[in-house]
Amino acid sequence: MSALVSVDEVVHLTLSGTTRLRARDTPLDDALGCVLAEAVVANEEVPPFANSSMDGFALRSSDTVRAPVALTIIGTALAGRPSSAVVGPGEAIRIMTGAVLPGGADAVCMVERTHLEGANQVVVETPIDVNQFVRAAGGDLRKGTLVFRESTVLGPAHLGVLASLGRPSVSVHPRPRVGVMSTGDELADGPSTLAPGAIRDSNRPTLLGLVRSAGFVAVDLGIVPDDRDALIAALHVGGATCDAVLTSGGVSVGDADLVKEVLAELCGDTMRWLNIAVKPAKPFAFGQLAATNTPVFGLPGNPVSSLVSFELFARPALRQMAGHAALFRPVVRAVADEAFVRETDEKLHVISVVARIDDDGRVHVSSAGAQASHVLSSMARANALALVPDGGGVAAGANVETLLLDADSLGGLSLLLGRAIEVKA
Ligand code: AMP
Ligand code: MG
């Protein structure tokens, strides 16, 4: 391990070392964000019957040609409570939104275009076209038509449509179960007083959060000391209980960096240990545990590095396991609101930035704070990563490719309100 490997090559490595998880029948309740493994065809009509889209009167269009006209009210139809009466010439049925269109009726007059006369007469004030305010059976989905293609990502409205078809469950690629372990003799958990030389484990909460916010199932594999047998045991647990494992620490060139050695032992020929042309997140290991084929991502120990490594190399591969076709975060060409000065070192520099949509409608970025691999607080402030290529850096006002981590926080112009809303404290 000496020559730097490109980011591109490592993305290909992790993508070629992971495969889509086998589809599983999943209750709708648990399928949000999952990827369909079947094509969904409508097995019934939606809506299932012709019904009214207005509160008003169901009638025969032909009766209204010479409106205004008085019709005799012969019944009432409510949503879920159809009227059994049949509308004959000169008759109408009071009808509410969503109620079945009664037999004999071919249109609805909205209540606002009528007035009552006596106890059981309604005057329809204007001529009503056939099918006016009638929602046809199958007007949303016709029985037998393709509703969703395989590989569709299920959002809230997809779940609603599936429910409207009466589907209790659907075949999807399951969310990967992703094990997360921190490695290092110096790591402590919880609020206790720190022993000399100890630090608190921040990678595990970060990585568990990244896994969850990507929509996957996070499995906490705990803190593992820099000990060969302990690492082997923890990786066995990860392999037996998870679809993929993330480790942090122990993949650099220090004396206690045992993770790479243990992975070489457990992964055999599939294990790669790399120096990547990126800063932060240079050291990285990847392989599949021979016993279970479980992919293991050996992320670096520095907190910012492990997060960047997850974003660049683990997240796309985990999305592939989840069945997604779109593997990557959106990258936009943003305006640098300040200079990002750097030296030439053959690496891509990843800068934590605050991105926002400015009045010009473009994304603008500025540094989120000190840029060092141990300064996680800058990353906590950031909502994007500026990708500054090798060279002299980016001048203020110039463009910089920026990977968006959180579109919700970009703010910007509001079509609804004319300008951005100030957030109340
Ligand atoms: P390593 O890659 O194991 O040599 O770790 C690199 C640096 O990251 C060291 O300063 C470690 O103390 C630190 N580090 C490793 N793991 C963690 C963790 N889980 N939380 C916070 N810092 C860590
Ligand atoms: Mg370590």
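Because the structure is predicted, anything quoted here is derived from the model rather than measured.
- No hydrogens or angles considered: nothing links the side chains of Asp106 and Ser61 as a donor-acceptor pair under 3.5 Å.
- Residues forming a side-chain hydrogen bond (donor to acceptor under 3.5 Å, both in side chains) with Arg212 (at least two apart in sequence, or on another chain): none.
- Side-chain rings of Phe313 and Phe286 stay apart, their centers remaining 6.0 Å or farther from each other.
- Between Arg135 and Asp140 there is no salt bridge, since no side-chain N of the basic residue sits under 4.0 Å from a carboxylate O of the acidic one.
- Each of Lys279, Arg342, Lys347 was checked for a salt bridge (charged side-chain N to carboxylate O under 4.0 Å, His left out) with Asp390, and the lone residue meeting it is Arg342.
- Here Asp257 pairs with nothing under the salt bridge (charged side-chain N to carboxylate O under 4.0 Å, His left out) rule; sequence neighbours left out.
- Environment of CD in Glu346: sparse, with no more than 12 heavy atoms of neighbouring residues, nucleotides or ligands closer than 6.0 Å.
- Side-chain N/O atoms of Gln288 and Thr294 include no donor and acceptor closer than 3.5 Å.
- Crowding of Arg315 atom CZ: a count of heavy atoms from other residues, nucleotides or ligands under 6.0 Å exceeding 12.
- Taking NE2 of His324 as the start and OG of Ser151 as the end, the distance is 10.5 Å to the nearest 0.5 Å.
- In the model, Asn203 has no side-chain atom that pairs as donor or acceptor with a side-chain atom of Ser182 under 3.5 Å.
- Each of Val211, Leu221, Val219 was checked for a side-chain contact (heavy atoms from CB on, under 4.5 Å) with Leu246, and the lone residue meeting it is Val211.
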Exercise. Would you please test Ser409 and Asp406 for side chain to side chain donor-acceptor pair (under 3.5 Å) and show each step?
Key: CA-CA 6 Å; Ser409 63; Asp406 175 20; 3.2 Å; yes

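- Without hydrogens or angle criteria, Asp360 side chain to Arg362 main chain gives a donor-acceptor distance under 3.5 Å.
- With sequence neighbours left out, His173 forms a ring-ring contact (aromatic ring centres under 6.0 Å, His included) with no residue at all.
- With hydrogens and angles left out, the side-chain atoms of Asp337 and His364 include a donor and acceptor closer than 3.5 Å.
- One finds the SG atom of Cys34 at 10.0 Å from the CZ atom of Phe216 (value rounded to the nearest 0.5 Å).
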